[in-house]
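Input: a single structure, listed below in structure tokens.
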Amino acid sequence: MNNLLKVNIKTMTKHSSYESTLSKNKIVTRFAPSPTGFLHIGGARTALFNWLLARHYNGKFLLRIEDTDRVRSTQEAVDAIFNGLKWLGITWDEEPVFQFSRAKHHVELAKKLVENGKAYYCYCTPEELEAMREKAKAQGISPKYNGMWRERDPKTAPADIKPVIRLKVPLDGETTLHDIVQGTVTVANSQIDDMILVRSDGTPTFMLSVVVDDHDMGVTHVIRGDDHLTNTFRQIQIYNAFGWEIPKYGHIPLIHGPDGAKLSKRHGALGVEAYRDMGFLPEAVCNCLLRLGWSHGNDEIISIEQAIEWFTTDNLGKSAARLDFQKMEKLNSYYIKNAENERLLNIIMETNKDISEEKKHRILLGMNGLKQRAKTIIELRNMATIYTEDYVTTKIDEMNKEILKDIDIALRILPEWTEEAIDKCLHTVAEKKGLSFGKIAQPLRTVLSNRKITPGIFEMLFAFGRDESLKRLSIALNF
RNA sequence: GUCCCCUUCGUCUAGUGGCCUAGGACAUCGCCCUCUCACGGCGACAACAGGGAUUCGAAUUCCCUAGGGGACGCCA
């Protein structure tokens, strides 16, 4: 399959060698969302795959906003898409194309098709079409437009009805798609109806606009969801009508929810910003998405750099996958563990802007211990409150007080305040008292943090610093 | 209803006719490490949807069945 791809690139180069050097040798992919909602996880994966393919082959990754549905398209959604992609680290080349701005051009081309006899005006009303579909279903045949205006003289058209433009799809024969992912798929042309290219209000349909834009943008490879597979057969008819070269298609399976059904809002069809808010790092989301339907042997942890190096369409899977939050959390905890402390601090601070510099510093000093224990940024943030919350002490019994007194003395005269030194010091205290380390660690933990579960006590003492640590000890001893 | 696609441990997957008594990861369970909680280490459990065919040999090729999914808009 990889070879196939390479051969095709060569072929394309041969054909387009007279064209600008820009497009020479280059794969051009695109991501073309409609701005009617957030960038959901499935779309993000589609974007990721197209982006990876372009970056792997040193090609171009373009962004096109399919905003031809004027009612449902919103600026908020456009922003959500841009921001979501940016957050994931998916960068696009060239200015994004807004499809609606090209509508006039799309319609002009459709009219040319009518002139060439490749398309025609249809005067059916939506009601008539509905009746047609009902009838077809009742007869057990494919519910499609019956082509009644295909050869009919437009002069017989009702004057009060504004027509649509429909494509004249071949009535017999078949259309074969050599899909990068699905392999060879063949559909009888009789299954494909004369789709509408231009609506009665004079606006182009998705089907037309996609084809024209992909062609004009020089798109060579389209990776998209499985749900577009049947659309592809229709779009191929449009390419053929124009006489244009058809791009390579790869239809990746859809992502399903934990129950195996279509992904819904309830279980994960959220915007990528929702994953950010749930405390996921973008590289963890990317890694998880990447492994959903793509693999590289037994590799699980794959950096973006490795992904770019390894990504080809060879290893794309054909079956639908479910989103596994636990696996995503595991991946996330890995990336948190390996993230820079300063970066983690900055992420935590995004929602805690009023924290003092001193406390921030404490968090930073304690970050190594904190990040070891967090599966999400939210957990990390919660754990970090150990270093920011106001100190509260509780009563301790006399036996533990004795232990803490010795600790206090030992720490007070400790020459250097490092985790190693503290470690040694506390172990010495335990030895002298003939106690297991746990016996001294637990009361100390309580006194320092008033919690049962914390990072290691050396880390905590180090992060709090000598002054604060001793202060807490003395408060507890005098309580 | 019509057309199309998919089917390996609970989940994500490796596997392209012999290397498979099917490998890895997450989850689960056990042990080790250990100052709590985690991390980490070691181990266990666990799958080729079913049936035919081709072949010396099939998870891998072909056919059928079953199950799942998708598409059938003047939405994208």
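Sequence lines set the chain letters: A, B, ... in the order given, protein chains first and strands last, and positions in each chain run from 1.
Between the side chains of A/T232 and A/R224, at least one donor N or O sits under 3.5 Å from an acceptor N or O.
The residue among A/M207 and A/D193 whose nearest nucleotide of RNA chain B is located toward the 5' end is A/D193.
Not a single donor-acceptor pair, N or O on each side, falls under 3.5 Å between the base of B/rC74 and the side chain of A/T205. Checked by distance alone, A/R373 brings no side-chain donor or acceptor within 3.5 Å of a matching partner on the base of B/rC39.
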Distances under 3.5 Å between protein N/O atoms and the N/O atoms of nucleotides 20-25 of chain B, please, pair by pair.
unit_1	atom_1	unit_2	atom_2	d
B/rG23	N2	A/N298	OD1	2.6
B/rG24	N2	A/E300	OE2	2.7
B/rA25	O4'	A/E300	OE2	3.4
B/rA25	N3	A/K327	NZ	3.0

Can you name the atoms? Protein N/O to nucleotides 41-44 of chain B N/O, anything below 3.5 Å, with the distance.
none

Below 3.5 Å between N/O atoms, which protein atoms pair up with nucleotides 4-7 of chain B? Just atom names and distances, please.
unit_1	atom_1	unit_2	atom_2	d
B/rC5	O3'	A/Q182	OE1	3.2
B/rC5	O2'	A/Q182	OE1	3.1
B/rC6	OP1	A/K318	NZ	2.9

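In this structure, A/T36 reaches neither bases nor backbone, as no heavy-atom distance under 4.0 Å exists between it and the strands shown. Residue A/G317 is classed as having no contact, given no heavy-atom separation below 4.0 Å to the nucleic acid. Residue contacts shown for A/L292 are limited to sugar-phosphate atoms, with no base heavy atom under 4.0 Å away. At the heavy-atom level, A/P455 lies under 4.0 Å from base atoms of the strands shown.
Between A/Y249 and A/Y239, the angle of the ring planes goes over 60°, which puts this pair in the perpendicular group of the 30/60° scheme.
Pairing partner, B/rU28: B/rA44, with both Watson-Crick or wobble hydrogen-bond distances short of 3.5 Å.
Taking the side chain to side chain contact (heavy atoms under 4.5 Å, CB included) definition, one finds that A/N382 meets it with A/I378, sequence neighbours left out.
Separation of atoms OH (A/Y145) and SG (A/C122) is listed at 3.0 Å; rounding is to 0.5 Å. The line from OH of A/Y123 to OG1 of A/T125 is 14.0 Å long, rounded to the nearest 0.5 Å.
Aromatic ring centres of A/W92 and A/F82: separated by under 6.0 Å. Between A/F458 and A/F437, a ring centre-to-centre spacing shorter than 6.0 Å is recorded. Here the two rings, on A/Y387 and A/F464, have centers that are under 6.0 Å apart. Between A/F49 and A/F311, the gap from one ring centroid to the other is short of 6.0 Å.
A/L167 pairs in a side chain to side chain contact (heavy atoms under 4.5 Å, CB included) with only one of the listed residues (A/M195, A/R234, A/M207), which is A/M195. Of the residues A/R373, A/R362, A/R445, A/K371, the one that meets the salt bridge (Lys or Arg N to Asp or Glu O under 4.0 Å) test with A/E459 is A/R373.
Of the candidates B/rA76, B/rC35, B/rC74, the closest approach to any side-chain atom of A/Q442 belongs to B/rC35. Comparing B/rA71, B/rU36, B/rA76 by their closest approach to the side chain of A/R72 singles out B/rA76.
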In 5'-to-3' order, the base (B), backbone-only (S) or no-contact (-) status of each nucleotide in nucleotides 61-66 of chain B, using a 4.0 angstrom heavy-atom cut-off, is ------
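Judged purely by atom type and a 3.5 angstrom limit, A/R291 uses its side chain to pair as donor or acceptor with the backbone of A/W294.
The glycosidic torsion of B/rC33 lies more than 90° away from 0, placing the base in the anti range.
Under 4.0 angstrom from either OP1 or OP2 of B/rU36 there lies no side-chain N or O belonging to A/R451. Close to B/rA14, at under 4.0 Å from its OP1 or OP2, lies a side-chain N or O of A/S295.
Under the side chain to side chain donor-acceptor pair (under 3.5 Å) criterion, no residue pair touches residues 158-167 of chain A, with sequence neighbours excluded.
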